[in-house]
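Chain identifiers are assigned alphabetically (A, B, ...) following the order of the sequence lines, protein sequences preceding nucleic acid strands; residue numbering begins at 1 within each chain.
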Amino acid sequence: MNYLWRKIDGFNMKSKLLNDLNDAQRAAVEYDKGPSMVIAGAGSGKTRVLTYKIAYLLEKGINARSILALTFTNKAANEMKERIGQLVGHEHAKNLWMGTFHSVFSKILRFESQALGYSSGYSIYDTADSKSVIKSVIKELNLNPETYKVNEVLSRISMAKNNLITVNSYMSNTKLLEFDKQNRKPHIVDIYKLYTIRCKKADAMDFDDLLVNTNILFRNFPDILEKYQNFFEYILVDEYQDTNFAQYLIVKKLAAKHQNICVVGDDAQSIYAFRGARIENILNFKNDYPQHALFKLEQNYRSTQTIVNAANSIIAKNRFQIPKQIFSNQEPGNPIRIVETATDHEEGYLVANEIFNISVSQQVRYNQFAILYRTNAQSRIFEETLRKRNIPYKIFGATSFYQRKEIKDLLAYFRITINCKDDEALKRIINYPSRGIGEATIEKIELAASTHQVSIWEVLSDPAKYPLHISNQILSKVQQFKNLISSFQSKLYELNAYDMALHIANGSGMINDLKSENSFESLARLENVEELLNSIKDYVDNQGESENNLITLDKYIETVSLLTDTDTEKNDGQDVVSLMTVHAAKGLEFDYVFLVGLEEGLFPSMLSQQSNEEIEEERRLFYVALTRARKEVLISFATRRYKWGKPTSCSPSRFIFDIDPKYVDYKGSPTDQNDNFDDELQEYRNPTVKNDNYIASESSSKIDSPVHSVQRKLIDIKTATRKKVENQQNFQNHDSSLLRPGMRIQHQQFGQGTILSIEGVEPNQKATVVFDNAGEKKLLLKFARLQIIE
DNA sequence: GTAAGAAAAATTTTT
DNA sequence: TTTTTCTTAC
């Protein structure tokens, strides 16, 4: 019976295979011996090839357990698993090794943890934990936190780890040491060293360690490597262009035996070099596997010809790429619209209006719209304007569920219960809810722990051995806390994950604390806690718990530590407009895409203008953004935008000029039509207003008039706007410069008052004002908007 | 030791 | 403008 079923299933699938795939796709799917690389242009059915290929292997009788499929996000993995399940049956697909590098190898590391001196229940430090450790390390080393910015240090350490530079190799790498010296941060290596020690002491790995330690495992234990080499007969890697060196090497080692490796990717969509991804991995595949087969998927099934051609014209400006001809057989479609607005606010209204109009006139559902931006900070205005328009929306990837304070707190309780050495988890909740253990006490405990080279838990467990010099009163509070956690620990393997979690949520006092606060906010938090508990219940139920197979909390934590933001946020069929960063939009598609904030310094980001490589990455990001659209793209930019609370004038992004003007419909906003020659005059007087976009696009395009007319127009508007803003700013300055001590003024919030004194220099000028009803205040003039009365 | 309020800092992208 | 950190008063 079962056999028959499988047969029929297989027959169906094979006919599907034949029908659903084009020649290139089919060839890629059917090539199943030896290394192969699939270069898959945007919208060319990359996921389809991967899923069908895996289904095809399963169909041929390959054991699901011997197929390893690595993806870039959990979401991609889940979707693929789902689709394979639909093709070959979920029972069959269940045993595939499929997931992100991080999740797959964290699993393997739990099996092999003893070899590396970790326990199988090791904690995974998230970025916040890592930062916290680095912060305390900087303090402990008596380094100036001004010089050693936590973020910078962390990204330096992370870069090192991505490139498999351990502390020892860092210490002997003169180039790196010299670089740090040049930057006047010669102690980065010391921070790295102590940070590593701290993590190890806490039985914790950070995200990068998962990859580093896998490499160490495979390097130092050839027998273990061989075991997994034998185990994984087939290896498939999605988004290969986004792999970093550590990931590359893992794949290379694992594939060395069977050589059945298939990598899929698109060099044009490599957008993660900033965090260590190496586009060379895809470019160098041919060197690692000289006898590999190469498949190119060049037909885009997603977008109109206009969009595909426009995207091609952009990416052609990049120097490094694998040659390919992406084409579309869809309808030609409408040109890409480019709209200029005066302010970021106006941009918000424009987009909201446009979405509303299209949805009504073309009968388009809201879930076919996306607003894509470069930075999360840009989402706020669209949120506002959409809400005013009553358009339902969802912001993806902002503060994710797992980043919420109450969730992290509860998870910290779980973590400390599972791994008592987890100092970061402990520090997080030792005084939450308040139990009278203050900062000073915690510092003393931490000091004792670090001087004796033990975990904080160790100190708490044996205060006689590690004298803390604190009062008996406080010591007893600390003991109470320790006993509370111990009581949790003792039940860890007796209760299932859900019962345990519930027990901890109540026993810790968190639930009571949130209930008793009884504010709008605390109730929302309480709901989130409930939601987490529900998800644990789901997890337990889905794992098929039985008498002799208790699903305990540590199992749950393993799955959840690597589940960050975007993975859990599915647009579950809701009819809402999607708001997200371009990075988050990778792999998605929408009928209508609004690409907003196309301004110099924003997109491309100000921080990416150092080198040509960085600009090329931003350009690829722009390419990714455009190719999300099936039908239409509207690109907008504002000439004035609030940045750090200050209005700043902006010029249109150079990428706008990268698009072949054939595919563009440019509409300036009517308010900015200028009717005088001031701009020409200014340009004549000051030819340096030319910006590099002008030069870059001029030199790189042989096309004559249209380019120039568009460019001219944009640049004129730019200079005009700059002047306008300068005027406005002058006016504003003038306004506040009229203020003098003794004047009577009006303030929005505090009412009327008299200026006592004014101090400071321009952007940060402050006034001391005595208000009639609100008393004396110091106010920043740039925010206060004081009006002179009388 | 806590809470409120003021000052200062911060903005790329994410497993 | 929003978020985090520091001060100050209880």
Whole-Å gap separating [atom2] ([N]) and [atom1] ([X]):
X	N	atom1	atom2	value
A:Y125	B:dT15	OH	P	21 Å
A:D129	B:dT15	CG	P	16 Å
A:K139	C:dT5	NZ	C1'	13 Å
A:Q378	C:dT1	CD	C1'	14 Å
A:L154	B:dT15	CG	P	15 Å
A:H102	B:dT14	NE2	P	14 Å
A:N431	B:dA3	CG	C1'	14 Å
A:L588	B:dT13	CG	P	17 Å

Compare the minimum distances between each of [options] and the side chain of [X], then state the nucleotide with the smallest one.
X	options	answer
A:S434	B:dT2, B:dT14, C:dT5	B:dT2
A:T581	B:dT15, B:dT14, B:dG1	B:dT14
A:T100	B:dT12, B:dT15, B:dT11	B:dT15
A:T441	B:dG1, B:dT12, B:dT15	B:dG1
A:A377	B:dT2, B:dG1, B:dT11	B:dT11
A:K149	B:dT15, C:dT5, B:dA10	B:dA10
A:L607	B:dT15, B:dT11, B:dG1	B:dT11

(Q) Counting only heavy atoms not in A:K405 (residues, nucleotides, ligands), do more than 12 fall under 6.0 Å from its NZ? (A) yes
As a test of your reading of the structure, name each stem of DNA chain B as range with range, where a stem is three or more consecutive Watson-Crick or G-U pairs at under 3.5 Å.
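For DNA chain B the paired stretches long enough to count as stems (3 pairs minimum) are B:1-10 with C:1-10.
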Practice prompt. Write down the atom of A:A625, the atom of A:V582, and the distance for their closest heavy-atom approach.
Written response: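 In this case the closest contact between A:A625 and A:V582 is CB-CG1, 3.6 Å.
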Could you tell me whether [X] contacts a base, only the sugar-phosphate backbone, or nothing, with contacts defined as non-hydrogen atoms closer than 4.0 Å?
X	result
A:K161	nothing
A:S103	nothing
A:F101	nothing
A:S106	nothing

[N], OP1 or OP2 - any side-chain N/O from [X] closer than 4.0 Å?
X	N	result
A:K405	C:dT3	no
A:N376	B:dT13	yes
A:T243	B:dT15	no

State whether a side-chain donor-acceptor pair under 3.5 Å links [X] with [Y].
X	Y	answer
A:Y623	A:Q269	no
A:K555	A:Y539	no
A:S476	A:Q479	no
A:Q609	A:R654	yes

Polar side-chain contact A:R380-C:dT1 base: donor and acceptor under 3.5 Å: no
Verify side chain to side chain donor-acceptor pair (under 3.5 Å) between A:R278 and A:N162, making sure each step is shown before the conclusion.
CA-CA 10 Å; A:R278 290 193 177 188; A:N162 286 162; over 6 Å; no
| Are A:Y272 and B:dT13 stacked, counting the six-membered base ring, centres under 5.5 Å, planes under 30°? |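 According to the criterion (under 5.5 Å, under 30°), no, A:Y272 does not stack.
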Cation-pi check, A:K107 to A:F111: give yes when NZ or CZ is under 6.0 Å from the six-membered ring centre and within 45° of the ring axis, no otherwise. no
Does NZ or CZ of A:K586 come closer than 6.0 Å to the centre of the six-membered ring of A:Y272, within 45° of the ring's axis?
no
- Item | Position toward the 5' end of DNA chain B (nearest nucleotide), A:R435 or A:K643 |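 Closer to the 5' end of DNA chain B: A:R435.
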